[in-house]
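See structure below.
We name chains A, B, ... by the order of the sequence lines, and we start the count at 1 in each one.
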4 protein chains.
Amino acid sequence: MLQNNENLMVPRKEREKHARQQEILQAARVLFAEKGYHDTTLEEIAHKAEFAKGTIYNYFANKDEMFYGIIENIFDEMDSITAAAMATAGASAREKLTAYAKAVIAHSMAHSDLFMLMIRQAHRQLTDEFDEKIKNLHERDLATRKTIAQVHAEEISNEHLKAYDPLEITFLFEGMLRSYCMYHIKARHQLTTAEIDRAAELIVAVYFDGIQNK
Amino acid sequence: MLQNNENLMVPRKEREKHARQQEILQAARVLFAEKGYHDTTLEEIAHKAEFAKGTIYNYFANKDEMFYGIIENIFDEMDSITAAAMATAGASAREKLTAYAKAVIAHSMAHSDLFMLMIRQAHRQLTDEFDEKIKNLHERDLATRKTIAQVHAEEISNEHLKAYDPLEITFLFEGMLRSYCMYHIKARHQLTTAEIDRAAELIVAVYFDGIQNK
Amino acid sequence: MLQNNENLMVPRKEREKHARQQEILQAARVLFAEKGYHDTTLEEIAHKAEFAKGTIYNYFANKDEMFYGIIENIFDEMDSITAAAMATAGASAREKLTAYAKAVIAHSMAHSDLFMLMIRQAHRQLTDEFDEKIKNLHERDLATRKTIAQVHAEEISNEHLKAYDPLEITFLFEGMLRSYCMYHIKARHQLTTAEIDRAAELIVAVYFDGIQNK
Amino acid sequence: MLQNNENLMVPRKEREKHARQQEILQAARVLFAEKGYHDTTLEEIAHKAEFAKGTIYNYFANKDEMFYGIIENIFDEMDSITAAAMATAGASAREKLTAYAKAVIAHSMAHSDLFMLMIRQAHRQLTDEFDEKIKNLHERDLATRKTIAQVHAEEISNEHLKAYDPLEITFLFEGMLRSYCMYHIKARHQLTTAEIDRAAELIVAVYFDGIQNK
DNA sequence: AATGAATGAGCCTTCATTCAT
DNA sequence: CATGAATGAAGGCTCATTCAT
């Protein structure tokens, strides 16, 4: 029993450390999203996380690391959403993308702070291309996109879809989705589930059928 | 004669002042786009504009004003592009949007720094909603979008287009366009005119006809 | 028996406490010598001493106390060396100083970290004259020097040596010795015993006979 | 005339910049000597130099650069002293070293702050051997020492002096000199010119003739 | 109007010290 | 006694802004 106790001892510490890291990231991401990276001070983050300034540095090497910690969280969440939506067995591309769109919109609405951070991060991704970490994020981003492209590819070979470059049109789809979310976040709209479903279906409808009346 | 002289005097001075403001904005926008607002110092802007630091303050009240000056320039450019593309007499919505898409992509490629600034600016637009200036930008943005929506509206009433909310699908179209541009700017692609045309047509095709094989 | 036990109990505890203090001082003095007082963190000392940071504070009131602990150790060692060299019965001043020089050089080479700490400490000694501890060190330093001066004094009264102020020339002798050691420590020379002997004899020869050819 | 004026314009600015750098170094060197490098804050230096904190950075890249600026000044002064003392035409080694000793003691007394900085610098010289700047100082130090050794060498070949290694005994001489200065600076003695002359002669006498009564 | 030296508020980060476990 | 997470004061440095020339 004693040994059992000891075995559990180490994980508990680690779990607590991780939990506290997440608390700090929570505080930071809200502030970063509200005011931007530079206009958020460590003092504010510490205050919001209910720690002293110095304590933050027991959990993150510096402000930048915190930022990347947050971005990685976001990527993890987006990966889950993507994987879940694409994995539905027997579903068509249209069904999968509808599920994906619903999940993305719902997530964006629930975490509009994250959404805004993604936009900000987009900028950094464009500029600091030297940085190792940025490159990793870049690759993760592309990998996620390819998961979705793959779903297109299958149905293109079926001739259910037109023979576009799967990756290229995936970006277009993503663009519509992001644009839609940004529009409503800007306008501070709080969408109901029904509205989210309608929106997702609208986007998918336009994407698959176009806006032209035949 | 003397009075005449004086009458001309003032405009010349104003013209020179304006010209010098634009020189400074040119320098600033390149740097802001490259390194972001916070990581660009007035020292650097002054150096690039070939003025002394103090001189900048004869033309702009502070760093923020410069930023908004740039954004306004960008809005002016986008307005021109939009107006030009939408004004073609007798053209269909599809033709107008194709022209618009070509112009936007070409402009984005030629001025990728501006494109990046827009992304960054998107963030500020979302947050500092109190600021008078920001509100104006917001409204200009919406006004531009409505010009495009109007073109949709006409053809919806013709029943050439499906009966979607014109503004809502305008955002979707914009989203595809932006997403496409971002993808290529990230990848540092230099598109030829032919490639730009093809891209614009691709986007418009997806937008009007959808990706589904009928 | 029990009482006996308890009597021994306290000394053992004290001995252990003292032993652990010395372990910590060992760790600290190496680091202080390598990187200086300010650039050595308690974290590092604790790590090197294989204790936790907080534990250090069970043995020393603060970082400064540790520093003085080390300096006192060094003084103890120098005292031993001095006493040993000066105590040789029937030896002449020249023989005693030769023995002293050999011991000092050998010790400096073996503990160049300490030597460097002494230099550093010299500075503090000069400045913080208010501090009680510093004054004590100052006095110990002088006392050691006087032990050597005393040996001079005896032989001055014998007229074996010229009638210089014993303390004054003691400082000159010390100066040569220190300078010599510093030269070789800087150059990272590892002197053999033979070289040390030769060096000590050189210094003593210059000191007693001068450099002039008669 | 106008052109003449302009020609002088640039040097004036440079001269003023240099003058202000020296003012700052003056302030810094007193404080560094009093309290050490680490215990002196830039705030204090700025205050003593009667500038604002930020202004310091118009003249020095960082705290370290200031430190090396001071050390270089000291080296310059020591070089002058050495060169002047060694250059006396027709003087014997003994006369030259006497002149040198007098100058060094007088300078040390007048600038005891510098003397203490040298001691402190000695430490850095020993440790941070990687740094380019430190290496340069090291070499300058050796070069100065060699100037003195050269004077020895000449008289060794004359057989006026014993056949010791010139550089080695130069270090011994320097050691006596430094040790003597440190002793009096520690004791806060203010030596008169007569006392300085006596001291220099004492040291040279011991160095050339030794302490032994023949 | 142009200059650039001076300013000083403010930021990130470090680290000696404390204290609950 | 040992631990190490938490603390917060303090420091080096940056940079937007001012102002005397």
- Task: Look up atom CG in A:Leu114 and atom CD1 in A:Ile71, then write down how far apart they are to the nearest 0.5 Å.
- Result: 8.5 Å
- Whole angstrom value for the distance that separates C1' of F:dG8 from CD of A:Glu50: 17 Å
- Query: For the pair made of CG in B:Asn62 and P in F:dT18, what is the distance, rounded to whole Å?
  - Reply: 8 Å
- Under 4.0 Å between any heavy atoms, over every strand shown, what does A:Phe51 touch: base, sugar-phosphate, or nothing? Just pick one. sugar-phosphate
- Would you indicate which nucleotide in F:dT18, E:dT7, E:dT3 comes nearest to any side-chain atom of D:Asn58? E:dT7
- Task: May I have the distance from C:Ile24 (atom CD1) to F:dT3 (atom C1'), rounded to whole angstrom?
- Result: 14 Å
- Indicate whether OP1 or OP2 belonging to F:dA5 is found under 4.0 Å from a side-chain N or O atom of A:Thr55. no
- Query: So does A:Lys17 reach the base of F:dG4 with its side chain, donor to acceptor, closer than 3.5 Å?
  - Reply: no
- State whether a side-chain donor-acceptor pair under 3.5 Å links B:Asn73 with B:Gln22. yes
- Task: Provide, to the nearest angstrom, the distance between the NE2 atom belonging to D:His47 and the P atom belonging to F:dG11.
- Result: 15 Å
- Taking the side chain from B:Tyr37 and the backbone from B:Asp64, do they hold a donor-acceptor pair closer than 3.5 Å? yes
- Task: Kindly give the heavy-atom pair with the smallest separation between D:Tyr57 and D:Asn62, and that separation in Å.
- Result: CE2-CA, 3.9 Å
- Task: For B:Ile56 and E:dA2, give me the distance from atom CD1 to atom P, rounded to whole Å.
- Result: 10 Å
- According to a strict under-4.0 Å criterion, is B:Arg20 in side-chain N/O contact with OP1 or OP2 of E:dA2? yes
- Item | d(CD, D:Glu44; C1', F:dG11) in whole Å | 11 Å
- Message: Heavy-atom nearest nucleotide on DNA chain F for B:Gly54 versus D:Gly54: which residue maps closer to 5'?
- Response: D:Gly54
- Message: Using whole Å, what does the distance between atom P of nucleotide F:dA2 and atom CD of C:Glu23 come to?
- Response: 11 Å
- Find the partner of E:dT7: check Watson-Crick (N1-N3 plus N6-O4 or O6-N4) and G-U wobble (N1-O2, O6-N3) distances, both under 3.5 Å, and reply none if neither fits. F:dA16
- Task: Taking only the side-chain heavy atoms of A:Lys63 (C-beta and beyond), determine which of E:dC12, F:dG12, E:dA16 contains the nearest atom.
- Result: E:dC12
- Query: Roughly, in whole Å, what's the span from CD in B:Glu43 to C1' in E:dT3?
  - Reply: 12 Å
- DNA chain E: A:Thr41 or A:Ala61, which has the more 5' nearest nucleotide? A:Thr41
- Item | Shortest non-hydrogen contact between C:Leu137 and C:Phe75, atoms and distance | O-CE2, 3.5 Å
- Comparing D:Ala52 with A:Tyr57, nearest DNA chain E nucleotide closer to 5' gives the residue D:Ala52
- Check if the side chain of D:Lys53 and the base of E:dT7 share a donor-acceptor pair of N or O atoms closer than 3.5 Å. no
- Task: Describe the nucleic acid contact of D:Tyr59 in one word from base, sugar-phosphate, nothing, applying a heavy-atom distance below 4.0 Å.
- Result: sugar-phosphate
- Task: Could you please name the partner base of F:dA9, counting Watson-Crick and G-U wobble pairs only when both distances are under 3.5 Å?
- Result: E:dT14
- Query: Do D:Arg20 and D:Glu16 sit within salt-bridge range, that is, some charged N less than 4.0 Å from a carboxylate O?
  - Reply: yes
